[in-house]
Structure formats: C-alpha cells, structure tokens
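We use all heavy atoms of the structure for the numbers below, so side chains are in, but hydrogens, waters and symmetry mates are not. Computed from a predicted model, the values in this text were never measured in an experiment.
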Amino acid sequence: TGPLRQLGVLKEYGANKKPKNLIWLYFEGNDLDELDEELNNKVLIKYLEKNFTQSLMDHQEEININKTEKFNSIISKRDDLIYKIRFVRLYELRKLVKRYLDNYTYRKNMESNNNYYFSFNSNVFSYFKKIISEAKDLTESWGGNFLFVYIPEFARYNIKINDTGAFRNKEKVIEFLKNKNISTLDLDKKLFKNEKNYNLSYMGPIDHLTPFGYKKIAELIVNQAVKD
C-alpha cells in the first residue's frame, strides 16, 4: 500500500481503535511512486478531505462476507484438494522466481541509469507531506504517539551511490520529518549501515526482507516506541 491508502486505513480503522502507538512504515523504494498512482484514484483522493470516511467498520461484516465469497469462488474451481495445494505452491513458486528475475533485470537496467534513483516529483511530495502531517495530527488528537519508520531499499547498498542523501530523496523526507517534529526511526542509520545486517536482512534485489530482517526491525520499533 502507498501513503494515501495507509491514510485511508488510519481514518477508517485507526480512528476507531485509537491505538496508543501508531507505526507508519515508509519504504523508500516505491512509496512515492505508489502515491503518484493513488492520486489518480477517485475514491482514495477523497481521503485528503479532512472528514471523509466510508464508515467501513460499520460494514465490516459485509466486507468479510464479500471477500470470503470471492476466495471460495476461486477455490471451488479446483475439485481435488491435493491439486489445490500443489497448484498454490507451484503458482507461488513461479511468482517468486518471476519476481526475482524481473527485479534483478530491473535493477541492472536502473544501475545504468542512476538518474532514476534521484528523480523528484514536487507535486507528489507535497501530497506526501500533507498525508503524513494529517496522519500525525489525527493520531495525536486521541493522545497517540506517531512513529515514522524509514525503510531503505536494497539498491541503496547494492549499487555505487555518490550522494546518499539525494538517493530516493531521503534528505528531503528526513528534513520534512525533522521540521514537523515527527518521531523517526531511520533504519538506514540504525540497522543497515552495518554490511552484515543488510546482507542478512534482504532477499537480494527483490527488496523483500528475510526473517532476520523482520526480527531486527521489529525489535528496533518496539525499543523506539517504548522510549517515546
């Protein structure tokens, strides 16, 4: 999910649950790209309106039934249980292999065009700042703590970078968070500056984390939340 979908989830569910600690995960690899796409969604864009909500919690039973029916419809097309299990396993394996190969090729192509990692869309970034500011204000309105977690992508450590601050516009993101006095956990500094950590934490160029990576990040988040 991108930032706008996350804001939608916060408004629909977080505002009702009012958690003590709100952890906002930001992945530098594609969150701003996804936001660029989300801004074209006629429903999602409405979440930028201060009081907009679809009252999804009031329709949760209906939502659950709808999703269950869709899932059962897919499964019912396969009669043999063993075939279902084998099909799912093979399908997931094929998906994983394809994703790995696609990302590997993608990364190699991008390495030859480093400008990709340093592009900046001021319009999208202005929406990003508005979304984060609103999420923080909403969380604090019920006395909650808002923690922004900056997750770097594997390419930050896998290719030669001359300007690490400009990479993925990190310095702009961090500067905004600092100016807004937003509590931030920068995993680039706290975890991945250690070469052993990032090699153990990422499943190569596909940017998915290993169990070790998830465990270390969870520990850092808990420690930061307790400290705040």
Side-chain angles (χ1 to χ4, degrees), residues 1-75 123-152 173-174 176-187 190 207-209 211 213-228:
T1 61
L4 191 50
R5 280 189 173 86
Q6 290 177 327
L7 179 63
V9 171
L10 177 59
K11 284 189 167 185
E12 296 290 352
Y13 298 96
N16 284 280
K17 298 296 184 181
K18 296 180 172 55
K20 179 180 179 182
N21 294 297
L22 195 290
I23 313 300
W24 188 284
L25 302 180
Y26 173 83
F27 177 59
E28 70 174 0
N30 60 17
D31 268 24
L32 292 181
D33 291 336
E34 290 193 3
L35 175 57
D36 192 16
E37 295 178 4
E38 291 172 336
L39 292 171
N40 295 313
N41 187 299
K42 292 181 180 180
V43 175
L44 291 178
I45 197 70
K46 292 182 179 179
Y47 282 107
L48 291 172
E49 300 172 13
K50 191 170 183 62
N51 297 316
F52 176 76
T53 176
Q54 298 183 78
S55 301
L56 294 184
M57 284 198 70
D58 294 338
H59 304 281
Q60 194 59 51
E61 185 176 350
E62 180 183 343
I63 293 171
N64 292 342
I65 291 174
N66 181 266
K67 286 189 174 294
T68 300
E69 288 178 348
K70 285 185 178 180
F71 177 78
N72 289 338
S73 175
I74 294 172
I75 294 299
N123 182 56
V124 171
F125 194 67
S126 66
Y127 278 109
F128 167 75
K129 292 190 291 185
K130 181 178 180 179
I131 289 168
I132 298 303
S133 297
E134 183 168 352
K136 175 180 182 289
D137 292 344
L138 180 58
T139 302
E140 292 180 345
S141 71
W142 65 69
N145 302 312
F146 184 86
L147 174 63
F148 187 99
V149 181
Y150 190 102
I151 305 175
V173 174
I174 297 299
F176 159 69
L177 296 170
K178 184 177 180 180
N179 290 339
K180 289 290 293 183
N181 196 30
I182 294 175
S183 180
T184 304
L185 174 59
D186 182 359
L187 295 176
K190 291 288 187 179
D207 276 329
H208 286 276
L209 293 165
Y214 282 115
K215 181 175 184 294
K216 296 298 290 185
I217 289 176
E219 290 173 352
L220 288 169
I221 289 174
V222 170
N223 290 337
Q224 183 72 35
V226 171
K227 188 196 309 183
D228 289 348

Enter the distance from Ile217:CD1 to Leu185:CG here, rounded to the nearest 0.5 Å.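 With rounding to 0.5 Å, CD1 (Ile217) is 8.5 Å from CG (Leu185).
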
From Asn223 atom CG to Lys190 atom NZ, the distance as rounded to the nearest 0.5 Å: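 The NZ atom of Lys190 is 9.5 Å from CG of Asn223, to the nearest 0.5 Å.
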
If you define the side chain from C-beta out and look only at heavy atoms, does anything of Glu28 sit under 4.5 Å from Val173?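 Glu28 does not reach Val173 side chain to side chain.
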
When you compare the side chain of Thr139 with that of Asn145, does any pair of heavy atoms fall below 4.5 Å?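 The answer is no, as the side chains (C-beta and beyond) never meet within the 4.5 Å cut-off.
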
[X] versus [Y], closest heavy-atom pair with distance:
| X | Y | value |
| --- | --- | --- |
| Ile174 | Tyr150 | CD1-CD1, 4.2 Å |
| Lys129 | Ser133 | O-OG, 2.8 Å |
| Pro3 | Leu35 | CD-CB, 3.9 Å |
| Pro19 | Leu22 | CG-CD2, 4.1 Å |
| Leu56 | Glu12 | N-OE1, 2.9 Å |
| Tyr214 | Leu209 | CE1-O, 3.4 Å |

Is Lys130 paired with Glu134 through a side-chain N to carboxylate O contact shorter than 4.0 Å?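 A salt bridge is absent here (no side-chain N lies under 4.0 Å from a carboxylate O).
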
Is there a side chain to side chain contact (heavy atoms under 4.5 Å, CB included) between Tyr47 and Gln54 once you walk through the steps? CA-CA 9 Å; Tyr47 282 107; Gln54 298 183 78; 2.9 Å; yes

Kindly check if the number of other-residue, nucleotide or ligand heavy atoms within 6.0 Å of [atom1] ([X]) is above 12?
| X | atom1 | answer |
| --- | --- | --- |
| Lys46 | NZ | no |
| Asn181 | CG | no |
| Lys216 | NZ | no |

So, Gln6 versus Tyr26: side-chain donor-acceptor pair below 3.5 Å or not?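 No donor-acceptor contact under 3.5 Å links the two side chains.
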
Is it the case that the side chains of Asn64 and Gln60 hold a donor-acceptor pair, with the cut-off being a distance below 3.5 Å and no angle test?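 The criterion, which ignores hydrogens and geometry beyond distance, is satisfied for Asn64 and Gln60.
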
Does the side chain to side chain contact (heavy atoms under 4.5 Å, CB included) test come out yes or no for Leu7 and Leu44, once each step is laid out? CA-CA 9 Å; Leu7 179 63; Leu44 291 178; over 6 Å; no

Of all residues at least two apart in sequence or in a different chain, which pass the side chain to side chain contact (heavy atoms under 4.5 Å, CB included) check with Ser183?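 In terms of side chain to side chain contact (heavy atoms under 4.5 Å, CB included), with neighbours along the sequence ignored, Ser183 is linked to Leu147, Gln224, Asp228.
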
Quick one: do Ile221 and Leu25 satisfy side chain to side chain contact (heavy atoms under 4.5 Å, CB included)? Show the steps, please. CA-CA 10 Å; Ile221 289 174; Leu25 302 180; 4.0 Å; yes

Check the angle between the aromatic planes of Phe146 and Trp24 and answer parallel, tilted or perpendicular using the 30° and 60° thresholds.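 It falls in the tilted class, 30° to 60°.
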
